[in-house]
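Report on the structure given below.
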Amino acid sequence: MTAVQTDVSLYSQPWQRPLYMYGGFACNSLMADFWSDRSPLHEAACHGRQLILRSLIAQGHYVDTLTMDRVSPLHEACLGGHYACAKFLLDNGANVEGVTIDGATPLFNSCTSGSAACVRLMLQHGASIHTPYLLASAIHEAAKKGHAECLELLLSYGAHIDMELKVVGTPLYSACKARAEGCVGVLLYLGADVKIGCGQDSPLHAAVRGGGANIVDLLLDFGADGCCRNAEGKTPLELSSPNSAVRVALQEKGPCALSELCRFCIRLSLGRSRLHRVSGLPLPHSIKDYLLYQ
């Protein structure tokens with residue numbers, strides 16, 4: 001796209017000015033793409049330049065200026081994990097619920113960057129945890145990217161741990177598929193259902209495809225069914241490569257011991273909403289550690 005130097009003062013009325021102005025250049029709005037209509041606010045937020053943001057806002061720049069793809073400066077600040085910039089924008093009226101054409105919110109972008117501080121900030125400002133955009137769920141994004149602290153924050157604010165989306169499955173399934181072992185552990189310890197994945201495909205199927213032997217072990221410890229079949233009628237073992245660590249893990253795991261079955265039943269009876277209270281129960285430490293897989 002060709003940019004032509006333009007003197008804005010030549011336009012006597014605001015509506016006569018070019019739609020997109022950046023750095024003193026006027027851009028043809030009909031040829032604008034994702035980058036061509038980015039404002040100075042977007043650039044400052046993207047690079048974490050809080051002083052420039054302050055100056056621009058003081059000059060009258062609109063805090064919720066949007067690109068053609070409906071990306072706001074707050075989206076940019078969160079995507080970069082720039083807490084100070086995000087806080088400044090929110091303090092000046094930025095919309096915490098802004099949604100891009102792809103369904104991304106500032107909270108979603110905070111999970112993408114892995115900034116727990118930004119995630120907490122968005123939640124404290126009332127960001128919705130669940131959006132109607134099924135491919136841009138904050139909890140799935142945190143799980144997929146391996147950002148365990150962000151995941152724990154979302155769950156503490158009431159995110160649905162077993163929310164299954166048609167294309168991406170549950171957060172556990174997403175974490176297994178991405179080999180995000182830390183997030184798999186967080187989800188399982190906090191009560192995620194080890195059997196729910198994406199349709200008939202279980203988290204164990206996803207872990208086997210991803211080649212995560214440690215994740216396979218973890219899933220089996222939490223009661224994953226090694227004999228379950230997906231829509232193609234295949235078990236996790238049948239999906240594993242010959243002589244792979246994943247195949248060895250599946251073959252070495254025998255039937256669940258009685259102690260494991262008892263733990264599954266007790267945790268299920270307690271319910272995931274009360275699992276965090278186990279450590280405070282008047283029980284021997286060994287029993288509490290047993291129930292919490294410690």
Side-chain angles (χ1 to χ4, degrees), residues 102-104 108-109 111-114 130-131 133-152 154-155 159-257 260-261 263-264 267-268 272 293:
D102 296 319
F108 179 92
N109 281 4
C111 291
T112 300
S113 69
H130 304 124
T131 69
Y133 297 87
L134 300 184
L135 296 181
S137 160
I139 188 172
H140 286 80
E141 183 71 2
K144 181 177 70 175
K145 295 293 186 180
H147 300 314
E149 190 176 355
C150 296
L151 188 61
E152 289 180 297
L154 291 169
L155 291 170
H160 184 6
I161 198 170
D162 288 327
M163 181 170 65
E164 183 179 356
L165 304 181
K166 285 186 177 180
V167 178
V168 296
T170 62
L172 179 59
Y173 184 87
S174 296
C176 290
K177 189 175 179 180
R179 296 185 65 174
E181 186 177 343
C183 286
V184 171
V186 167
L187 290 163
L188 290 173
Y189 288 125
L190 293 178
D193 193 325
V194 74
K195 297 179 178 64
I196 305 177
C198 188
Q200 289 181 252
D201 219 44
S202 71
L204 189 56
H205 284 100
V208 169
R209 286 198 195 89
N214 290 340
I215 295 177
V216 168
D217 278 333
L218 194 55
L219 291 169
L220 292 171
D221 286 342
F222 277 82
D225 183 3
C227 298
C228 62
R229 296 185 180 276
N230 61 14
E232 300 171 345
K234 293 186 176 182
T235 65
L237 183 62
E238 291 169 339
L239 290 176
S240 62
S241 303
N243 303 318
S244 64
V246 165
R247 193 176 188 87
V248 171
L250 288 167
Q251 290 174 328
E252 286 184 346
K253 181 67 175 179
C256 288
E260 292 178 319
L261 292 173
R263 177 162 51 193
F264 299 152
R267 285 174 62 91
L268 184 62
R272 73 167 62 95
Y293 285 87

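Bear in mind the structure is a predicted one, so any value in this text is a computation, not a measurement. In this chain, residues are counted from 1 in sequence order.
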To the nearest 0.5 Å, what is the distance between [atom1] ([X]) and [atom2] ([Y])?
X: E141; Y: S174; atom1: CD; atom2: OG; value: 9.5 Å
X: C198; Y: N230; atom1: SG; atom2: CG; value: 11.0 Å
X: C228; Y: Q200; atom1: SG; atom2: CD; value: 10.0 Å
X: L190; Y: L151; atom1: CG; atom2: CG; value: 8.0 Å

Problem set entry | Whether over 12 other heavy atoms sit under 6.0 Å from E164 CD | yes

For this session: Flag the pair H205 / L239 as yes when at least one side-chain heavy-atom distance between them is below 4.5 Å, and no otherwise.
Result: yes

For this session: Report yes if some heavy atom in the side chain of M163 is under 4.5 Å from a heavy atom in the side chain of S137; otherwise report no.
Result: yes

Set of side chain to side chain contact (heavy atoms under 4.5 Å, CB included) partners for [X], sequence neighbours left out:
X: A138; value: L107, C111, L154
X: A192; value: I161, D162, L172, L187
X: S244; value: S240, S241, V246, R247

Exercise. Which residue pairs satisfy the salt bridge (Lys or Arg N to Asp or Glu O under 4.0 Å) criterion with at least one member in residues 170-185, sequence neighbours excluded?
Worked result: none

Exercise. What residue pairs, at least two apart or across chains, pass salt bridge (Lys or Arg N to Asp or Glu O under 4.0 Å) with a residue in residues 223-245?
Worked result: R229-E238

Please report the closest heavy-atom contact between [X] and [Y], naming both atoms and the distance.
X: L204; Y: A224; result: CD2-CB, 4.1 Å
X: P171; Y: A143; result: O-CB, 3.5 Å
X: A180; Y: G146; result: CB-CA, 3.7 Å
X: C176; Y: I215; result: SG-CG2, 3.9 Å
X: L218; Y: Y189; result: CD1-OH, 4.4 Å

Seminar exercise, completed: Hits for salt bridge (Lys or Arg N to Asp or Glu O under 4.0 Å) against D201, two or more places apart or cross-chain, chain-then-number order -> R209

Exercise. Is the backbone N or O of G169 less than 3.5 Å from a side-chain atom of H140, with the two atoms forming a donor-acceptor pair by type?
Worked result: yes

